[in-house]
Each structure stands twice: as C-alpha cells, then as structure tokens.
Amino acid sequence: MFWPYPVSLEYVLMLGYAVMLAMIALVLELAARHTHRRSVETRTIGFTYHPEHDIWKCPKDQHLFPIFSESSRKVAVYRAPASACNACRSKADCTDSNNGRQIERRIPQGLEYGMQRFHRAMSVTLLVLGNLILAIEFIRSRGLYPRLVLLVVFIAFCLAIRRLVYDLRPKPETTRLASHLHS
C-alpha cells in the first residue's frame, strides 16, 4: 500500500485547492514579469542605453543626454537635442514633440512600478490564503503522513511568501543608487 493512512475527500480537495492557488500565484508572477519587461522594451525600441556614459543612443546615432533626475521617484529623464530631432527624417515615427525625443529611465529597485507591486501583492495574498487552508486542514486531518504532507507544503508556501514579501520592501542599495543619480 502506497499511503498508510486513509485520507478524506476533503483533505484531497483542500490540498489540491491550496496547490492550485500557488500555481495561480506563480502564473501571475510570470505574467507580471513578462508584461513589465515588454512594456519597458516597447518604450525604448531601437534605443540603446550606454551606462558608462549615462546616455541613450537613438537608431539615427543621436544621443539623448540626462536633463533631469529626481531621487525620490528614482527616475532620470534623457532628451535628444531638439534641433537634431526636428531635422531627422524619422521624427514622425519617433516623437511628436518639438523639444526632442525624451526617455524616462527608472533606477532598478525590484518592484518599483505600481502594477508589478499589485501583482506581487495578489500573489502573496493567494499564498497566504493557501496557507490558511492548509492550516485548517492540518487541524482537521488525522494521521502522521497526511499532516506531514500538509506541513511540508505549508513550509514551502511560507518560504515563497517570505521571498515575495522581501522583494516588496525597498532595498538600501536603491537609496544609494538614487543619491548617485541625483549628484
């Protein structure tokens, strides 16, 4: 016999539901990362950032120089000279501004964007709900092995929650990066 203790249908359903919540949280995380990456790439398509010079370079070899930075928002704004953009044949495809193409660069700090934070909070909520289900079933179930399975899954969820919540908190090195940007 594979399983020495009989388990109820409720046990199987609760465990399955908790695991399904974790899978939904994982899919939500993957979708959020993909969407964020695509969003950032779309805004700067064709442009290349050169960190050694702190400039962006457009497909027509014009440089976008930093014109503004705000450490509280952890953002830097880069702009190409208006004269270069206004004389460019590709201006209509690039920008409608007469002041030159502008790019906003955010200093990476983990979950800095609102939608990323929202998706992360939803993932954490789903895992906490899964843990609540596991804890209730742990109290209800009988036998060593069923409880051991629940405990292992519960601990795995706790570790995942800890990791996700850790990424939600601001990191000290971002403050350092922001002060470097502002100087």
A.B. asks: Do L126 and M20 come within less than 4.5 Å of each other through their side chains, counting heavy atoms only?
C.D. replies: no

A.B. asks: Would you please name every residue forming a side chain to side chain donor-acceptor pair (under 3.5 Å) with D93, sequence neighbours left out?
C.D. replies: none

A.B. asks: Minimum heavy-atom separation for N86 and S97, please, with both atom names.
C.D. replies: OD1-O, 4.0 Å

A.B. asks: Is it possible for you to say whether L26 and L127 belong to one hydrophobic cluster, with membership spreading through side-chain heavy-atom contacts below 4.5 Å?
C.D. replies: no

A.B. asks: Partners of R140 by side-chain contact (heavy atoms from CB on, under 4.5 Å), sequence neighbours excluded?
C.D. replies: E10, M14, I136, E137

A.B. asks: Does V27 belong to the same Ile/Leu/Val/Met/Phe/Trp/Tyr cluster as V19, with side-chain heavy atoms less than 4.5 Å apart forming each link?
C.D. replies: no

A.B. asks: With a 4.5 Å heavy-atom cut-off, do Y11 and L150 have their side chains touching?
C.D. replies: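 With C-beta onward as the side chain, the pair touches.
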
A.B. asks: Between I24 and L13, is there a shared hydrophobic cluster once you connect ILVMFWY residues whose side-chain heavy atoms come closer than 4.5 Å?
C.D. replies: no

A.B. asks: So if I apply the side-chain contact (heavy atoms from CB on, under 4.5 Å) rule between F157 and each of L132, V152, N131, which one comes out positive?
C.D. replies: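 Output: one option passes, namely N131.
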
A.B. asks: Can you give me the closest heavy-atom contact between Y78 and L64, atom names plus distance?
C.D. replies: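 Here Y78 and L64 meet closest at CD2-O, 3.7 Å.
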
A.B. asks: A quick test of your reading: do over 12 heavy atoms of other residues, nucleotides or ligands sit less than 6.0 Å from NZ of K91?
C.D. replies: yes

A.B. asks: Please round to the nearest 0.5 Å and tell me the distance separating atom NE2 of H63 and atom CZ of F47.
C.D. replies: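 With rounding to 0.5 Å, NE2 (H63) is 12.0 Å from CZ (F47).
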
A.B. asks: To the nearest 0.5 Å, what is the distance between CD (Q62) and SG (C94)?
C.D. replies: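 Atom-to-atom, Q62:CD and C94:SG are 10.5 Å apart.
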
A.B. asks: Can you see which heavy atom on A18 is nearest to which on G130, and at what distance?
C.D. replies: CB-O, 3.7 Å

A.B. asks: The criterion is side chain to side chain donor-acceptor pair (under 3.5 Å); which residues satisfy it with R147, sequence neighbours excluded?
C.D. replies: none

A.B. asks: I need the F154 CZ to L159 CG distance, nearest 0.5 Å.
C.D. replies: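 Going from CZ on F154 over to CG on L159, the span is 10.5 Å.
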
A.B. asks: If you group Ile, Leu, Val, Met, Phe, Trp and Tyr by side-chain heavy-atom gaps below 4.5 Å, do V165 and V128 land in one group?
C.D. replies: yes

A.B. asks: To the nearest 0.5 Å, what is the distance between NE2 (H119) and CD (E29)?
C.D. replies: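 So the NE2 of H119 and the CD of E29 are separated by 9.0 Å.
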
A.B. asks: Roughly how far, to the nearest 0.5 Å, is CG of L21 from CG of L28?
C.D. replies: 12.0 Å

A.B. asks: Could you tell me the separation between the CZ atom of R79 and the CZ atom of R101, rounded to the nearest 0.5 Å?
C.D. replies: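 That separation rounds to 12.0 Å.
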
A.B. asks: Should H34 and L30 count as side-chain neighbours, where that means a heavy-atom distance under 4.5 Å?
C.D. replies: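 With C-beta onward as the side chain, the pair stays apart.
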
A.B. asks: Once the angle between the rings of W56 and Y49 is folded into 0 to 90°, is it parallel (under 30°), tilted (30 to 60°) or perpendicular (over 60°)?
C.D. replies: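 Judged by the thresholds at 30° and 60°, the geometry between W56 and Y49 is tilted.
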
A.B. asks: Let me see the working for V77 and I103 under side-chain contact (heavy atoms from CB on, under 4.5 Å), right down to the final yes or no.
C.D. replies: CA-CA 6 Å; V77 178; I103 291 180; over 6 Å; no

